[in-house]
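Note that the structure is predicted; figures quoted are calculated from it, not measured. Reminder, nothing fancy here: chain letters follow the sequence lines and each chain counts from 1.
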Amino acid sequence: MPYEPKKVENKIYQFWEESGFFNPDKLPARHKKPYTIVIPPPNVTGELHIGHALNATIQDILIRQKRMQGFKTLWLPGTDHAGIATQNVVEKKLRKEGKTRFDLGREKFIEEVWKWKEEYGNKILNQFKKLGSSCDWSRTRFTMDQGYSDAIKEAFLHYHKKGWIYKGKRIVNWCKRCATSLSDLELEYKEEKGNLWFIKYPVKDPPAGEAGGGFITVATTRPETMLGDTAVAVNPKDKRYKNLIGKTAVLPLVNREIPIISDILIDSKFGTGAVKVTPAHDITDQAIGEKHKLEAIQVIDEKGRIINSPEKPARSGFATGDAGGYNGLKIDEAREKIIEYLKCQNLLEKTENYTRQVPKCYRCSTTVELIPSMQWFLKMSELAKLAEKPVKAGKIKFHPKNFEKPYFDWLKNIKDWCISRQIWWGHKIPIEGETDVLDTWFSAALWPFATLGWPEKTKDLKNYYPTAVLSTARDIINLWVARMIFSGMEFMKEIPFSHVYVHATVLTRDGQRMSKSLGTGIDPVKLIEEFGADAVRFGIAFQIMGNQDIKFVTDNILMGKKFCNKIWNASKFVELKNGKEKYDGKKPYAKNKADKAILKSLEKTEKSVSKCLENFEFGKSAHILYDFFWHDFCDKYIEESKKQESENTNKILMYVLLGSIKLLHPFMPFITEKIYQQLPLKNKKECIMIEEWL
RNA sequence: GGGCAGUUAGCUCAGCGGCAGAGCACUGCAUUCACAUUGCAGGGGCCAUAGGUUCAAAUCCUAUACUGCCCACCA
């Protein structure tokens, strides 16, 4: 009879939950030393994908092995409210009904988001259960729980008291669709073909014999921002413009007189070596502007429209030298009209094709504008040092180690963190009269201790902090991991975890990123239904090798399914041979060559697997277990045993089977539990989950 | 522009100085035997390219090409 996971899995999971052993406080007495993993909380935006299944498998393998080794294991589950992302999916849903969030109003809208959260939050947690994840569900947390919100307030006010939080008008990344600011890490750059326009700015009182013929030519990809130009800048060493530094240029369109200045930030090799300076809409220009005390004139508003002269409405005329004529136009329209006007005026020297990296909102892919805005910032200089220290000192180790380099690079060049967002779904900034909410990563940064009750001095915090391992995707190392590290150091005075395991990115067979919108995602629950949870887990684990990408194929899941069947039938054979006599668990004698070989091989397998798991070598562990069980045990020893039937042989069969299912349990928890329950053993534990690792 | 990975069987990947391996797919044979979701046997490889080190290179070094990812203010 083949193994039928559907008949086994749900029952076994229920049995585990009822046992209480997912909760470390209810584990038997031999479990003493704590071992904690906090789950990277999935966003409540939707359902899980194969990447989540991968990470859940990894964490459950670690937790189950440690539990068997006698650790007081806590795997703390939860979900993240995921500010912008969740707000967006709910808005999308409303849009299908022909509504916007403004139709509902803030309160009603947030009610809608909570409904969404209930539905998808639960779905996500159930998906983890289907995979066999041994989380302590009694400790499930959500980043907007009451207690968690207290932690946010405490953290914000702590920083505020230290003077590290300030409010200021700064250039921020602005998504005009989400109508909110974004941090640098929330941008995705996309290559776009565009132009580099060479525009002639007239020079007032040009020096005699100047090569430019009374003009200075600037190169720009954003001509529409010239309405806000307050200088032209060149490199001080640039001989071409030596005589022009200190002179005045006349800005076309508005006829504003602007200085020609010099600054070392200008690269004389790019374009003409002369740059238009728009301090309100460019980071470098802002720096130059501050240095040279230039005015910052905002010309693009929060809707992505030109606001140069609010008192003058846009005119329908096609070419205009009147700045007010662009008022209210969209950026693209304004760009087009400005170029047309410059052409008419003979001020456009030439146009070159130019491909540039355009920043997009990572949640909705809208082009992000740089605009000055009043925002809250968290000063990063001290916190960056806190994040750097424990990693440099080796107290926190990255696996693989080469992820430390980008981590340090980011910290070295860090900018202050814009922590306010102009959305509705999230934690309100805990200051009277503020309507903005906090960046979702501000709450995620507190996850390893806020989930354990901080700022209260709880027993859990004392018992289970710091955690052991954080297993995460590589794209959130700086976005999240770095921030957890400095938060832990600042609030707990201790590292949040000792190991950061950076797991592989799961790609499609063709090497594409898995994504719902591309239709390339694979639903792990469907796989579980087809192959069984153990097969999915083992197949995934089998594929986690050194390479940091996994091109996902179901071949390995099929292998996992076959392997389940093999284990199932081998155990049936052993049970049959053994009869009803209860096995005492003692190591049997090796009476011949075959006996000796299998016992030795089991011992070797145990050592290798334990060592591999210490080093986070999941795929290697799976290969070793597969080879041992299939080839050494089934192909060789079981076949041999048919020729040398004896009581001792039967004991060896039982001993090796028991050892094998223990070693396999972290990888394939359901089938190994089911077999364990059926085995006639003298000193049987309630379940294999709390059996002793060899 | 800078950094990091990768390139080995039809596909997905191991191996990382000493006879080229696994899973899946493929071919042949075997069904009262724990298991056909099986067993046995087999086919299939210029280990990306070019140099170098070595008694010996898929493996170490140097280039090149291609692929993927991360970071970056080049207007």
Side-chain angles (χ1 to χ4, degrees), chain A residues 1-4 171 184-185 187-189 196-197 199 218-223 225-226 229 232-233 265-278 281-288 354 356-357 359 370 400-410 412-413 415 473-478 502 504-505 507-513 531-532 535 538-539 542-577 617 619-620 622-624 626-627 630-631 634-635 638-639 641-642 653 657:
Chain A
M1 285 292 285
Y3 171 63
E4 292 177 85
I171 292 182
D184 289 347
L185 296 171
L187 305 179
E188 264 168 17
Y189 286 85
L196 187 61
W197 285 280
I199 301 168
V218 301
T220 181
T221 57
R222 303 285 313 269
T225 63
M226 64 187 281
D229 285 3
V232 171
L265 288 175
I266 306 301
D267 177 0
S268 38
K269 285 187 203 104
F270 186 88
T272 60
V275 179
K276 58 192 271 318
V277 180
T278 323
H281 295 289
D282 185 280
I283 305 284
T284 310
D285 291 10
Q286 177 180 249
I288 294 173
Y354 188 74
R356 66 183 203 113
Q357 301 292 326
L370 294 171
K401 194 172 163 45
N402 57 4
F403 283 105
E404 286 177 9
K405 189 175 160 35
Y407 177 82
F408 288 132
D409 286 350
W410 183 70
K412 214 189 229 165
N413 302 310
K415 282 190 280 179
R474 87 183 85 135
D475 49 341
I476 50 177
I477 289 176
N478 296 329
V502 182
T505 304
L507 307 171
T508 66
R509 193 188 198 104
D510 314 318
Q512 272 186 304
R513 216 184 172 75
F531 298 97
F538 196 78
F542 203 79
Q543 236 176 313
I544 307 174
M545 299 310 265
N547 191 333
Q548 278 293 301
D549 286 340
I550 289 179
K551 285 184 197 161
F552 185 77
V553 286
T554 48
D555 295 3
N556 288 314
I557 311 286
L558 178 64
M559 176 273 301
K561 190 181 168 188
K562 289 183 176 181
F563 191 35
C564 282
N565 202 53
K566 194 74 181 173
I567 296 168
W568 184 249
N569 283 298
S571 77
K572 231 171 58 187
F573 176 81
V574 174
E575 282 170 53
L576 209 78
K577 289 285 164 198
E617 294 171 305
K620 203 170 164 190
H623 279 84
I624 289 168
Y626 181 92
D627 287 341
W630 200 300
H631 302 303
C634 294
D635 290 353
I638 286 186
E639 290 311 313
S641 77
K642 291 173 186 170
L653 285 171
L657 176 69

Would you mind telling me which of [options] lies closest to the side-chain atoms of [X]?
X: A:Q543; options: B:A75, B:G3, B:U12; value: B:U12
X: A:D282; options: B:A75, B:C13, B:A72; value: B:A75
X: A:F270; options: B:A75, B:A14, B:U12; value: B:A75
X: A:F542; options: B:G23, B:U12, B:A75; value: B:G23

Output row for RNA chain B, stems defined as at least 3 consecutive Watson-Crick or G-U pairs under 3.5 Å, is B:1-7 with B:65-71, B:10-13 with B:21-24, B:26-30 with B:38-42, B:48-52 with B:60-64
In this structure, NZ of A:K562 is separated from CG of A:L558 (nearest 0.5 Å) by 5.0 Å
Expressed as a whole number of Å, how far does the [atom1] atom of [N] sit from that of [M]?
N: B:U64; M: B:G2; atom1: P; value: 12 Å
N: B:U8; M: B:A20; atom1: C1'; value: 9 Å
N: B:G44; M: B:C11; atom1: C1'; value: 13 Å
N: B:A57; M: B:U53; atom1: C1'; value: 10 Å

| Taking atom NZ of A:K566 as the centre, does the number of heavy atoms from other residues, nucleotides or ligands within less than 6.0 Å exceed 12? | yes
Whole-Å distance, A:D267 CG to B:A75 P, equals 10 Å
A:I477 CD1 to B:C69 P, in whole Å, measures 16 Å
### Task
Measure up the A:Y626 and A:F563 rings against each other and bin them: parallel (under 30°), tilted (30 to 60°), perpendicular (over 60°).
tilted
Per-nt protein contacts along nucleotides 24-37 of chain B (heavy atom under 4.0 Å; B base, S backbone sugar-phosphate only, - none) come out as BS--------BB-B
Measure from NZ or CZ of A:K642 to the centre of the six-membered ring of A:F573, then state whether that distance is under 6.0 Å and the direction lies within 45° of the axis. yes
Sequence neighbours excluded, the answer for salt bridge (Lys or Arg N to Asp or Glu O under 4.0 Å) partners of A:D635 is none
